[in-house]
> 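Encoded as structure tokens, here's the structure I'll be asking about.
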There are 2 protein chains.
Amino acid sequence: MGAATKAPRGRMDKRQAILAAAFAEFAARGYAQAGVDEVAAAAGVAKATVYNHFGDKETLLREAIAASAEQATAKNLAAVERLVDTGGDLRPVLEDVGLRLIQCYCDEDSWALRRLLYAELAHLPDLLEIVQVRAAERVQRALADRLARLALAGRLGVTDPDAAVEHLSALLTGPLEARARWGTRRLPVKEMREVAAAAVDAFLTLYGRK
Amino acid sequence: MGAATKAPRGRMDKRQAILAAAFAEFAARGYAQAGVDEVAAAAGVAKATVYNHFGDKETLLREAIAASAEQATAKNLAAVERLVDTGGDLRPVLEDVGLRLIQCYCDEDSWALRRLLYAELAHLPDLLEIVQVRAAERVQRALADRLARLALAGRLGVTDPDAAVEHLSALLTGPLEARARWGTRRLPVKEMREVAAAAVDAFLTLYGRK
DNA sequence: ATGTTTTTAGACTCATGAGTCTAGTTCTGA
DNA sequence: TCAGAACTAGACTCATGAGTCTAAAAACAT
């Protein structure tokens, strides 16, 4: 009973359907342009039900974003999990993890989430905390932990894991904005693999075992 | 007479004032939430004048974004101009240019422009071309040109200037999103300098003269 | 079985804001 | 000096969409 956000009202299946529909609608049209009627219709639910569950449009947006961020984080963490010391060459492992992280980043919902975040940040500043706490920071930490372990095992020349994560994720995701045209172009896997390979190559030059 | 976007109507000073006010209003509240009345008031102009100049709200957004992108590009290009071979050590020159590019990136208007772009990309896809053609690509090209020159002069180990630019800008701007909390936190210059130094350090490790 | 909660369709209120219109005023150029 | 364009204040129309309400139906709990 510690959390203040507890006590979800109404039936859970409806709630989920509404959240999914809401995220899709908000992502497609933006907060202001999105219509609660459309959300209800897409969720197969009456408009009053939406209001029974979430109270108002703004709360609906927050909850939809939070849920989406949660999903995105889960995928990202699953990718980071695979960064383990197999005993063999590190490069292919890093490339595999890099590719998976890139795939998370380029996911349709992931672009939509970032778009929404950017779009509404100006008048709903608390969205940042929701997403940052639930998603970005957790992934960064998990990745830093893994790099620290590899460094401790003498497999990497990393002294500051946070700085290394900053560089690695910059190298991985930096090139994607332009290449994917800010989410309007679908990257072929081949191209993702190239970016991952280039990023890992640079990373190993910077942080490879000395 | 080649461009289709020619024939600006009305007095120029009013037009500029409207564009500036419009960008501020759109940036602060988003396209849908922004009010044409507010723009007119902020520009010190009657609403009818706004419509006389731009016809409708959507056109106003496009023109405001285009103008802002133009300004941002000018600043970025000015920074890139400073990347010249002084004969001395390259590192301080790169750090200076890096810092200036970071300052452009962290400019209030620059964050606002990216926010708007992300926000409205979903329903106004042609905004991308406006900004990409006017801003992003031109800066990238200019930077690649400079790197190519330095490489040719034997000052850098760059073989593919475009790839080098991709890495350099990733290293420079990648860490900024998180550190500046997506534009909601003002970065102290000290921190910008750190990021620039770290980026240049990595860049020189990757592309320094062999 | 029966009382409580949730859902439903759809009509309804009400605030907001884009875009128009009018009639009078100021610029500007020839 | 004067005609035509650009500007002004402010009232006006009209579409849109958030949020409410109602009375009836399903779903659920015990």
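A, B, ... follow the sequence lines: proteins, then strands. Residue 1 opens every chain.
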> Detail all sub-3.5 Å separations between protein N/O atoms and N/O atoms belonging to nucleotides 24-29 of chain C.
none

> Using whole Å, report how far CE of A:Met12 lies from P of D:dC28.
14 Å
> Does anything in residues 26-35 of chain B pair up under side chain to side chain donor-acceptor pair (under 3.5 Å), and if so which pairs, sequence neighbours excluded?
B:Glu25-B:Arg29
> For nucleotides 12-20 of chain D, print each protein N/O atom paired with a nucleotide N/O atom at under 3.5 Å, atom names and distance only.
from   : atom 1 : to      : atom 2 : distance (Å)
D:dA18 : OP1    : A:Ala34 : O      : 2.8
D:dA18 : OP1    : A:Lys57 : NZ     : 3.0
D:dA18 : OP2    : A:Val36 : N      : 3.1
D:dG19 : OP2    : A:Tyr51 : OH     : 3.3
D:dG19 : OP2    : A:Lys57 : N      : 3.0
D:dG19 : N7     : A:Lys47 : NZ     : 2.7
D:dG19 : O6     : A:Lys47 : NZ     : 2.8

> For A:Lys47, give me all partners under salt bridge (Lys or Arg N to Asp or Glu O under 4.0 Å), at least two apart in sequence or on another chain.
A:Asp37
> Over how many whole Å does the gap from B:Lys14 atom NZ to D:dA6 atom C1' extend?
9 Å
> Under the rule for salt bridge (Lys or Arg N to Asp or Glu O under 4.0 Å), what residues qualify as partners of B:Arg193, not counting sequence neighbours?
none
> Just the rounded figure in Å: distance from P of C:dT6 to CG of A:Asp13.
13 Å
> For a 4.5 angstrom cut-off between non-hydrogen side-chain atoms, does B:Asp126 reach B:Arg62?
yes
> Note down the inter-axis angle between the two ends of the helix from C:dA1-D:dT30 to C:dA30-D:dT1, five pairs each, to the nearest 10°.
40°
> Would you say D:dT8 has OP1 or OP2 under 4.0 Å from some side-chain N or O of B:Thr49?
yes
> At less than 4.0 Å, is any side-chain N or O atom of A:His53 found next to OP1 or OP2 of C:dT6? Yes or no.
no
> When rounded to the nearest 0.5 angstrom, what distance separates CG in B:Leu83 from CG in B:Leu147?
6.0 Å
> Please list, chain by chain and in numerical order, all residues satisfying side-chain hydrogen bond (donor to acceptor under 3.5 Å, both in side chains) with B:Arg82, sequence neighbours excluded.
B:Asp96
> Identify, with sequence neighbours excluded, every residue that meets side chain to side chain contact (heavy atoms under 4.5 Å, CB included) alongside B:Thr86.
B:Val84, B:Val93
> Please list, chain by chain and in numerical order, all residues satisfying salt bridge (Lys or Arg N to Asp or Glu O under 4.0 Å) with A:Asp145, sequence neighbours excluded.
none
> Partners of B:Glu70 by salt bridge (Lys or Arg N to Asp or Glu O under 4.0 Å), sequence neighbours excluded?
B:Arg134, B:Arg138
> Quick one: ring pair (Phe, Tyr, Trp, His ring centres under 6.0 Å) partners of B:Phe54, sequence neighbours excluded?
none
> Taking only residues two or more places apart in sequence, or in another chain, which ones meet B:Tyr105 in a ring pair (Phe, Tyr, Trp, His ring centres under 6.0 Å)?
B:Trp111
